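To keep things clear, I will list the structure first and then write my remarks on it.
Since the model is a prediction, treat every value here as computed from it, not as a measurement.
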Amino acid sequence: MIETKTPEQIGKMLAAGQALADVIAELATSVAPGVSTGELDAIAERLIREKGAVPSFLGYRGFPASICASPNKVIVHGIPNREPLKEGDLLSVDVGLILNGWHADSAYTYPVGSISPKAARLIEVTKASLEAGIEQCQPGNRLTDISHAVQRVVEHAGFSVVPESLNNSIGRNLHEDPQIPNFGSPGRGPLIEPGMVFAIEPMVNAGGWRTRTLDDGWTVVTADGSLAVHVEHSIALCEDGVWVLTAPDGGRGRLGDLVAQAARTESPTQA
């Protein structure tokens, strides 16, 4: 069963999403050659707490950091460290926070200085696959319409979907049912309806689809050493359309009154 959220609850999730969008925008200004992912993690935690929120990832199932920092062949769950980034690297950063008991989750992949045309193309295609998946989040569609849309864009460009990458619902918990793969035939699974909130997150390899997990038990890398890109947004289906809660402009317009209402009804303490 997929839990749906009320408009008021979505307003609170939008407030969390906009706080996260601000964190990510500011964090992006620090991504540069010579900066370590450990330094970025410290910056992200500070920014999250300055928003009156707490990191979703820190301590989650034992994860030791506030962000997942995944350079180059690392697909996801990279643990921040002291190694400095280099010119030409790709860095995927996955960030989550909890604001007044509601999670927001988003990921971006950043070029570190100048990158190769193929790396730039990989970012472009992965973003396009995310947009295609979000476009399928319409009442009357089915869950695997999201899956098929992502896969179609990725494979048409000659890249590979990571089979372990799963979309999911999000709310008071970071991961809620259902889990939705980024590949498969369309027209299957439950109907999509207003009130559903999803974290859509394609992970795409430049080479083959196979992966392996390093000895730390977290870090997932491409088996062939090819580059990988990870992007993500939290989105909500409302009566007036799809809202990308973690997009920089997600707080404008139709849900602005719900954000204001949430701010009036919630205390600044965390659940």
Side-chain angles (χ1 to χ4, degrees), residues 1-14 16-17 20 56 60-61 68 75-77 92 94 96 102-108 125-157 159-205 209 211 220 228-247 250 254-255:
M1 182 175 180
I2 304 174
E3 179 185 307
T4 58
K5 276 73 174 176
T6 67
E8 181 182 6
Q9 290 172 329
I10 290 174
K12 294 172 184 177
M13 293 193 70
L14 177 59
L20 182 55
S56 293
Y60 181 73
R61 297 180 179 175
C68 297
I75 302 166
V76 70
H77 299 159
S92 296
D94 193 359
W102 295 92
H103 286 267
D105 192 4
S106 187
Y108 283 77
V125 168
T126 308
K127 288 180 177 178
S129 74
L130 172 62
E131 292 167 2
I134 291 172
E135 287 173 2
Q136 293 301 312
C137 295
Q138 303 291 341
N141 285 356
R142 293 189 179 273
L143 290 184
T144 63
D145 293 335
I146 301 171
S147 312
H148 183 71
V150 171
Q151 182 182 18
R152 184 176 63 246
V153 170
V154 171
E155 293 185 351
H156 179 74
F159 299 132
S160 301
V161 171
V162 176
E164 296 93 337
S165 64
L166 297 172
N167 312 301
N168 55 268
S169 288
I170 184 171
R172 290 196 177 274
N173 299 297
L174 180 60
H175 298 118
E176 299 179 352
D177 289 335
Q179 294 185 332
I180 310 164
N182 281 309
F183 64 92
S185 300
R188 298 179 180 177
L191 287 170
I192 296 171
E193 59 185 70
M196 292 181 177
V197 182
F198 300 123
I200 308 295
E201 53 175 330
M203 301 174 198
V204 178
N205 295 345
W209 57 266
T211 69
V220 181
V229 165
H230 175 200
V231 295
E232 176 182 16
H233 273 308
S234 299
I235 66 100
L237 280 80
C238 302
E239 293 292 348
D240 56 358
V242 176
W243 279 85
V244 183
L245 305 178
T246 48
R254 290 169 286 183
L255 289 186

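- Using modelled atom types, no side-chain atom of Asn182 and backbone atom of Val150 make a donor-acceptor pair closer than 3.5 Å.
- Between His103 and Arg172, the shortest heavy-atom distance links the atoms CD2-O, 3.2 Å.
- With rounding to the nearest 0.5 angstrom, the CG atom of Leu191 is 8.5 Å from the CG atom of Asn141.
- Here the closest heavy-atom approach between residue Leu166 and residue Gln179 is recorded as CD1-OE1, 3.4 Å.
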Inset, instruction - Evaluate side-chain contact (heavy atoms from CB on, under 4.5 Å) for Met203 paired with His230, printing each intermediate quantity in order. - result: CA-CA 4 Å; Met203 301 174 198; His230 175 200; 3.6 Å; yes

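- The distance from atom NE2 of His175 to atom CG of Asn167, rounded to the nearest 0.5 Å, is 10.5 Å.
- By the 4.5 Å heavy-atom criterion applied to side chains, Leu174 and Asn168 are not counted as neighbours.
- Looking at every heavy atom in both residues, Ala228 comes nearest to Ile75 through CB-CG1, 3.7 Å.
- Distance CD1/Ile146 to CD1/Ile192: 4.0 Å, rounded to 0.5 Å.
- Considering OG of Ser165 and CD of Glu232, their distance stands at 10.5 Å, rounded to 0.5 Å.
- Side-chain N or O atoms of Lys5 include none that pairs as donor or acceptor with a backbone N or O of Gly11 at under 3.5 Å.
- For the residue pair Glu164 and Thr211, a side-chain donor N or O sits within less than 3.5 Å of a side-chain acceptor on the partner.
- Atom CD1 of Ile134 is separated from atom CD1 of Ile200 by 7.0 Å, given to the nearest 0.5 angstrom.
- Within the 3.5 Å criterion, the main-chain N or O of Gly187 finds a donor-acceptor partner in the side chain of Thr144.
- Checking side-chain atoms of Ser234 against main-chain N and O of Thr246 turns up no donor-acceptor pair under 3.5 Å.
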Inset, instruction - Carefully, step by step, assess Val231 and Val204 under the rule side-chain contact (heavy atoms from CB on, under 4.5 Å). - result: CA-CA 9 Å; Val231 295; Val204 178; over 6 Å; no

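- Counting all heavy atoms, side chain and backbone alike, Thr126 lies closest to Pro202 at CG2-O, 4.0 Å.
- Counting all heavy atoms, side chain and backbone alike, Val197 lies closest to Met13 at CG1-CE, 3.7 Å.
- Between the OG atom of Ser147 and the CZ atom of Phe183 there is a distance of 8.0 Å, given to the nearest 0.5 Å.
- Side chains of Asp105 and Ser56 form no contact here, defined as non-hydrogen atoms less than 4.5 Å apart.
- Considering every non-hydrogen atom in both Ser129 and Val154, the closest pair reads CB-CG2, 3.7 Å.
- For the pair Ile10 and Trp243, the minimum side-chain heavy-atom distance is 4.5 Å or more.
- Proximity of a side-chain donor or acceptor of Ser92 to a complementary backbone N or O of Val229 within less than 3.5 Å is not detected.
- A distance below 6.0 Å separates the ring centres of Tyr108 and His233.
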Legend entry - CA sep, side-chain torsions, deciding dist, call: Lys12, Glu8, salt bridge (Lys or Arg N to Asp or Glu O under 4.0 Å): CA-CA 7 Å; Lys12 294 172 184 177; Glu8 181 182 6; 3.7 Å; yes

